[in-house]
Colleague: 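Let me begin by handing over the structure; questions about it come next.
This one's a predicted model, so the numbers in the text were calculated from it and none came from an experiment.
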Amino acid sequence: MEVALRCPPPLAPTDRVLLGHGSGGTMTAALIARYFLPAFRNSYLDRLDDQAVLSVGGERLAFTTDAHVVTPLFFPGGDIGSLAVNGTVNDLAMAGARPLYLSAAFILEEGFPLADLRRIVTSMSDAAKAAGVLLVTGDTKVVDRGKADGCFITTAGIGLVTHSATISATRARPGDLVILSGPIAEHGMTIMAARAELELEAPIASDTAPLHELVLDMIDTGAEIHCLRDPTRGGVATALNEIARQSGVGMVLDESAI
């Protein structure tokens with residue numbers, strides 16, 4: 001039987017923000033390119049890395065910020081608290097930085113159970129200790145009932161870059177190897193299964209974890225590392241497309257090795 005394959009039609013123009021704009025994929029990239037880059041354009045932002053590496057007082061500092069919105073708030077292998085810490089730590093790690101300090105802002109919905117808040121805060125504290133970072137400043141706001149999904153967290157992080165290499169999505173080169181640190185989609189599948197209350201034959205759990213020690217060990221080997229990326233909402237495919245676009249290169253992947 002022949003099956004006709006067609007590309008999906010392009011999205012119709014819209015004058016409103018859609019859920020797809022936060023997917024981490026093509027719509028997110030278009031939103032950034034159309035609104036944010038023209039407004040704030042500078043050499044740091046134009047790289048579209050997971051962080052910015054800045055020279056301050058003779059030191060190289062990595063600086064990043066991230067917003068964390070996940071449903072459900074608690075899932076196998078983690079929760080929004082540990083995800084917030086590890087996600088920020090890993091954004092810094094993708095520059096080869098040693099994470100040092102974090103900030104956290106909480107947006108809480110009226111009626112949110114304090115027991116859940118304590119659980120989230122305890123999880124964040126444990127994750128910060130495991131990563132060797134300090135949460136040194138923060139903020140808390142409460143919005144009306146029904147105006148938030150329980151709890152949103154925004155974090156920022158600062159890390160120290162002690163090596164001389166420039167690691168950026170703009171630096172992928174012909175001949176580079178694409179290396180994955182582990183299986184893909186474990187976190188995404190965990191969230192999808194928990195959200196839909198699916199019972200899977202094989203249990204699956206989020207692989208959220210701090211990666212900076214792994215990255216620093218890689219750098220210590222003396223290997224020439226051009227680019228690092230921590231795939232999040234858009235997954236490996238989106239991360240590789242972003243790198244290819246920023247560096248002006250193509251990629252050939254061995255699907256059976258992924």
Side-chain angles (χ1 to χ4, degrees), residues 22-33 36-37 43-54 60-68 70 78 83-99 131 155-159 161 163 165-191 206-221 223-255 257-258:
S23 67
T26 302
M27 291 181 67
T28 302
L31 189 74
I32 293 171
F36 298 115
L37 284 180
S43 60
Y44 300 104
L45 191 62
D46 285 350
R47 292 183 176 182
L48 294 177
D49 287 330
D50 291 330
Q51 73 303 113
V53 176
L54 316 169
R60 297 176 74 207
L61 298 179
F63 177 50
T64 191
T65 188
D66 206 353
H68 309 273
V70 61
L83 191 66
V85 171
N86 291 334
T88 309
V89 164
N90 291 343
D91 281 350
L92 297 172
M94 296 303 103
R98 178 170 291 281
T155 51
I158 295 175
V161 181
H163 59 84
T166 299
I167 301 174
S168 171
T170 63
R171 296 199 68 245
R173 297 291 182 267
D176 284 355
L177 297 178
V178 178
I179 300 175
L180 299 178
S181 62
I184 69 170
E186 290 185 335
H187 174 73
M189 288 300 297
T190 298
I191 297 300
S206 171
D207 59 353
T208 175
L211 301 176
H212 61 289
E213 295 292 353
L214 170 65
V215 171
L216 293 173
D217 286 345
M218 291 166 55
I219 292 173
D220 285 344
T221 67
E224 187 176 340
I225 301 173
H226 292 160
C227 175
L228 294 167
R229 204 69 155 191
D230 182 27
T232 51
R233 292 163 300 167
V236 171
T238 293
L240 293 180
N241 272 282
E242 290 173 346
I243 294 169
R245 183 172 61 251
Q246 289 299 108
S247 296
V249 299
M251 297 184 184
V252 178
L253 305 177
D254 180 359
E255 185 175 0
I258 299 176

Colleague: Hey, does His212 have a side-chain heavy atom less than 4.5 Å from the side chain of Leu92?
Modeller: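 In short, these two side chains do not touch, never coming nearer than 4.5 Å.
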
Colleague: By side-chain hydrogen bond (donor to acceptor under 3.5 Å, both in side chains), which residues pair with Asp46, not counting sequence neighbours?
Modeller: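 Testing Asp46 for side-chain hydrogen bond (donor to acceptor under 3.5 Å, both in side chains), a comparison that skips the adjacent residues, returns Arg41.
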
Colleague: Who passes side-chain hydrogen bond (donor to acceptor under 3.5 Å, both in side chains) against Asn86, sequence neighbours left out?
Modeller: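 Here the qualifying residues are Thr208.
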
Colleague: I'd like to check the side-chain contact (heavy atoms from CB on, under 4.5 Å) partners of Leu45; sequence neighbours left out, ordered by chain and number.
Modeller: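 With sequence neighbours excluded, Leu45 shows a side-chain contact (heavy atoms from CB on, under 4.5 Å) to Leu37, Phe40, Asn42, given in chain and number order.
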
Colleague: What residue pairs, at least two apart or across chains, pass side-chain hydrogen bond (donor to acceptor under 3.5 Å, both in side chains) with a residue in residues 171-188?
Modeller: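 As it turns out, the side-chain hydrogen bond (donor to acceptor under 3.5 Å, both in side chains) pairs with a partner in residues 171-188, which skip direct neighbours, are Asp176-His226, His187-Ser206.
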
Colleague: For Asp50, check side-chain hydrogen bond (donor to acceptor under 3.5 Å, both in side chains) against everything at least two apart and list the hits.
Modeller: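 Here no residue qualifies.
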
Colleague: Would you please name every residue forming a side-chain hydrogen bond (donor to acceptor under 3.5 Å, both in side chains) with Thr155, sequence neighbours left out?
Modeller: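 For Thr155, the residues satisfying side-chain hydrogen bond (donor to acceptor under 3.5 Å, both in side chains) (neighbours in sequence not counted) are His68, Thr88.
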
Colleague: Can you sort out the partners of Arg47 under salt bridge (Lys or Arg N to Asp or Glu O under 4.0 Å), two or more places apart, ordered by chain and number?
Modeller: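 Expected list: none.
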
Colleague: Applying side-chain contact (heavy atoms from CB on, under 4.5 Å), name anything that partners Leu180, two or more places apart in sequence or on another chain.
Modeller: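 Residues passing side-chain contact (heavy atoms from CB on, under 4.5 Å) with Leu180: Ile184, Val236, Ile258.
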
Colleague: Please, which pairs that meet salt bridge (charged side-chain N to carboxylate O under 4.0 Å, His left out) have at least one residue in residues 242-251, sequence neighbours excluded?
Modeller: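 Residue pairs passing salt bridge (charged side-chain N to carboxylate O under 4.0 Å, His left out), neighbours aside: Arg229-Glu242.
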
Colleague: Can you sort out the partners of Asp91 under salt bridge (Lys or Arg N to Asp or Glu O under 4.0 Å), two or more places apart, ordered by chain and number?
Modeller: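 Applying salt bridge (Lys or Arg N to Asp or Glu O under 4.0 Å) to Asp91 gives none.
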
Colleague: Check Ile243, Ile167, Leu211 against Leu228 for a side chain to side chain contact (heavy atoms under 4.5 Å, CB included) and give me the one that passes.
Modeller: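 Among Ile243, Ile167, Leu211, the one that satisfies the side chain to side chain contact (heavy atoms under 4.5 Å, CB included) with Leu228 is Ile167.
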
Colleague: With sequence neighbours left out, what residues match Leu54 under side-chain contact (heavy atoms from CB on, under 4.5 Å)?
Modeller: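 For Leu54, the residues satisfying side-chain contact (heavy atoms from CB on, under 4.5 Å) (neighbours in sequence not counted) are Tyr44, Ala52, Val56, Phe63.
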
Colleague: Thr26: which residues meet the side-chain contact (heavy atoms from CB on, under 4.5 Å) condition with it, sequence neighbours left out?
Modeller: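 Thr26: no side-chain contact (heavy atoms from CB on, under 4.5 Å) contacts found.
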
